[in-house]
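Below is one structure, written out as C-alpha cells; the observations come after it.
Letters A, B, ... are given to chains in the order of the sequence lines, protein chains preceding strands, and every chain is numbered from 1. When reading the values below, keep in mind they use all heavy atoms of this one structure, side chains included, and skip hydrogens, waters and symmetry mates.
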Protein chains: 2
Amino acid sequence: MTTSSYAILALLDLRPWTGYELTHQAQRSLRYAWPKSERLLYSEPKKLVTLGYATTHQEATGNRSSNVYEITDSGRRALTEWTGSRTRPPRFEIEALLRLLFADHGSIDDLRRTLDELEADIGEQHDAIAELMASYLDDGHPFPQRTHLSVLFATFQIEMFTSIERWIDFARTEIDQWPATEDLGMTERTAALIGLLADGESAVSISPTTPS
Amino acid sequence: MTTSSYAILALLDLRPWTGYELTHQAQRSLRYAWPKSERLLYSEPKKLVTLGYATTHQEATGNRSSNVYEITDSGRRALTEWTGSRTRPPRFEIEALLRLLFADHGSIDDLRRTLDELEADIGEQHDAIAELMASYLDDGHPFPQRTHLSVLFATFQIEMFTSIERWIDFARTEIDQWPATEDLGMTERTAALIGLLADGESAVSISPTTPS
DNA sequence: AACATATACTGCACTATGCAGTAAAGTCAA
DNA sequence: TTGACTTTACTGCATAGTGCAGTATATGTT
C-alpha cells in the first residue's frame, strides 16, 4: 500500500465511485496535495480489490459498462492504520528553480522567461483554487459536512501561491540589477541577502536595493 | 532526455565529477528544486555517455576505481537547447495536506500530530538552508562566481519554508476552535475564510477568530 | 585489532508517468 | 440528420524513477 492507494481508499470511504469518477475526482480535488497521473489512478482501485480493501461490480449505461468500486470493512481498518503512520516529508519539484540555479548557461532574458512561465503556471493553479472557493459560496461543497477541511486545505494553497508570486516579483527586481547571468558571484547585495538567510529570515520583503 | 538528465548535464558543465560525487552533489544542492533518488542519479551519467553527451573513464584510488564523467561539446549544445524549451509546471507532493483533507477519519490529535510532523520536516530543511548560507559567509561558495544564483535560489526556499511555518501556526489555531474533525461543515468562520480565498487572498495573516 | 564511517557503486522488484489506442454515448450546429 | 466534437470509460506498453539489499575497498577512531 502506497500513499496513493490510501488516497483512493479515502475517497472510497466517502461514497462508491466508478473508476472514471475516481480518477477525475482525485485529479480535481487531490491534485494540489498529491498530484498523480490518470493512469495510476485507474490502476489503484484494482489493486485495492485484490487486497480485499474494496469490491467492484459492473454497471451499464446503454451498451457500455463502468466499474463501480466500494470500500470494505477491511479497507476502513486499513485507513485507520494509515492515520497512525508517520507522515512522509513534503516534496517540491520546481524545474524553474533548477533552471535558475544554472541560469549562467543562458541569458538574462532566458531567466526572465523561466520566471514568466513559473508565474503563468502558478497563476493558473491560483485561479483554479479561487474559483473553487467561489463555487463553494454559490453552490456549496459536494460533501457539505466536509467543507471546513477543504477550506483549511485551500488556505494552504493560496498562502503558498501568493508567496511564490511575491518571490517572483522579488526575483525579477533582483535580476534587473544584474549586468549578466554569469560571474557575478558574491556582490554586496548577495552578501546582504546571505546575512538574512543565514538567520533563516525571509529576504523577499526587504527593500529592493541597499544603497551602495 | 528528461529534466533529471539535464540536471546532471548542467552539473557536468561545471566540472568533471565521479559518479559518487555527482549523486551526492545533486542530492546536496539540487534536492530542494529537483529531488531525485541516489539510484537514479547514478544511472543518469551512464545514459549521457550512451547519448554522446558525456565521456567516461576510470580513475584509481589504490585498489578501487571510480568512474569520472566529463561533458562533451554535443552535451553543451544539448544544454543550450534545453534552455529554449518550456519550463515544466511545479509539482508539490504534500502528504500532510492529503491527511488534512481526510482528517475527519481520525481525531483532532491525529491531525495535530500530522501538523507537528510537517513542521519537523520543514524545520529540518529550513535549518539546512540557513546553515548552507552561513557556510557561504564563512568558507565561501564551492563555485564562487555562481554565488548570486545559489543565493537567489535560497531566497525562494526560505520564503517558502517561513510561509509554510506561518500556515502551520494558523492551522493550529483554527483546529483549536473545532469540537471535532467531522461534520463541522460550513461554519461562520469557514464562510468568512472562503470569502477571502475566493478573491485569491491569503487568509493566514487575518485575526484568529471573528467574534460571533 | 576491531569497528564505524565514507567511498563507490549494481541488481532487482516495484511504483508511476506519458502516450497511444479503442469505443460508445451525449451535444450542438449547418 | 449527419457530421464533428466532447465526454465517458477505460487498457497496453515503453520508459522513468524509487527503495532496498548487496558488494567491496579505504580511512579514521577507540
query = Does N63(B) have a side-chain nitrogen or oxygen under 4.0 Å from the phosphate oxygens OP1 or OP2 of dA24(D)?
reply =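 So the side-chain polar atoms of N63(B) never come under 4.0 Å of the phosphate oxygens OP1 or OP2 of dA24(D).
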message = OP1 or OP2 of dG19(D) versus the side-chain N and O atoms of R88(A): is any pair under 4.0 Å?
response =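 Result: no.
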inquiry  = If the condition is side chain to side chain donor-acceptor pair (under 3.5 Å), which residues does E117(A) pass it with, not counting sequence neighbours?
reply    = R113(A), T87(B)
ask   = Can you name the side chain to side chain donor-acceptor pair (under 3.5 Å) partners of S85(B), sequence neighbours left out?
value = R99(A)
Under 3.5 Å donor-acceptor pairs involving side-chain atoms of residues 127-137 of chain B, not counting sequence neighbours:
{"from": "S135(B)", "atom 1": "OG", "to": "L132(B)", "atom 2": "O", "distance (Å)": "2.7"}

key: Non-neighbouring partners of F156(A) that pass ring pair (Phe, Tyr, Trp, His ring centres under 6.0 Å), sequence neighbours left out   =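 Ring pair (Phe, Tyr, Trp, His ring centres under 6.0 Å) check on F156(A) returns W167(B).
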query = Where along residues 1-32 of chain B does a heavy atom fall under 4.0 Å from DNA chain D?
reply =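 Going residue by residue through residues 1-32 of chain B, the ones with a heavy atom under 4.0 Å of DNA chain D turn out to be T2(B), S4(B).
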request  = Remember a base hit wins even if backbone is also touched, and classify E44(B) as base, sugar-phosphate or nothing at under 4.0 Å, heavy atoms.
outcome  =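 Answer is sugar-phosphate: E44(B) comes under 4.0 Å of backbone atoms only.
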request  = Determine the contact category for S65(A): base if any of its heavy atoms lies under 4.0 Å from a base atom, sugar-phosphate if only primed atoms, P, OP1 or OP2 are that close, otherwise nothing.
outcome  = sugar-phosphate
inquiry  = Over 60° means perpendicular and under 30° means parallel, so tell me whether H126(B) and F161(B) are parallel, tilted or perpendicular.
reply    =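 H126(B) vs F161(B) ring planes: tilted.
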inquiry  = Using the side-chain contact (heavy atoms from CB on, under 4.5 Å) criterion, which residues pair with T190(A)? Sequence neighbours excluded.
reply    =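 Only M186(A), T187(A), I194(A), T147(B), H148(B), V151(B) meet the side-chain contact (heavy atoms from CB on, under 4.5 Å) criterion with T190(A).
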task = Would you jot down, in residue-number order, the residues of residues 33-42 of chain B having a non-hydrogen atom under 4.0 Å from DNA chain C?
result =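 Contacts with DNA chain C under 4.0 Å: R39(B), Y42(B).
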key: Cationic N near anionic O, under 4.0 Å, D169(A) to R172(A)   =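 Answer for the salt bridge query: yes.
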task = For DNA chain C, note the earliest and the latest nucleotide, 5' to 3', having some atom under 4.0 Å of a heavy atom belonging to chain A.
result =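 Using the under 4.0 Å cut-off, the span is dT15(C) to dA25(C).
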message = Tell me which pairs pass salt bridge (Lys or Arg N to Asp or Glu O under 4.0 Å) where either residue lies in residues 31-42 of chain A, with sequence neighbours left out.
response =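 Output for this query lists K36(A)-E93(B).
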task = Name all pairs fulfilling the salt bridge (Lys or Arg N to Asp or Glu O under 4.0 Å) condition that reach into residues 147-157 of chain A, sequence neighbours left out, sorted by first residue then second.
result =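 Sorted result for residues 147-157 of chain A: empty, none.
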Please list, one pair per line, the donor and acceptor atoms closer than 3.5 Å that link side chains of residues 77-84 of chain B to other protein atoms, with sequence neighbours excluded.
{"from": "T80(B)", "atom 1": "OG1", "to": "H105(A)", "atom 2": "NE2", "distance (Å)": "3.2"}
{"from": "T80(B)", "atom 1": "OG1", "to": "R76(B)", "atom 2": "O", "distance (Å)": "3.1"}
{"from": "T83(B)", "atom 1": "OG1", "to": "L79(B)", "atom 2": "O", "distance (Å)": "3.1"}

ask   = Among side-chain atoms of S202(B) and E159(A), is any donor-acceptor pair under 3.5 angstrom?
value = yes
task = Compute whether any side-chain donor of one residue and acceptor of the other, for S5(A) and E44(A), lie under 3.5 angstrom apart.
result =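 Indeed, the side chains of S5(A) and E44(A) share at least one donor-acceptor pair under 3.5 Å.
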task = Please give the angle, rounded to 10 degrees, between the axes at the start and the end of the helix from dA1(C)-dT30(D) to dA30(C)-dT1(D), where five pairs define each axis.
result =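 Angle reported: 30°, given to the nearest ten degrees.
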task = Let me know, please, whether R64(A) or K46(B) comes out on the 5' side of the other along DNA chain C by nearest nucleotide.
result =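 By nearest-heavy-atom nucleotide position, the 5'-most residue is K46(B).
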ask   = Nearest heavy-atom pair of P90(A) and Q125(B): which atoms, and what distance?
value = O-NE2, 4.1 Å
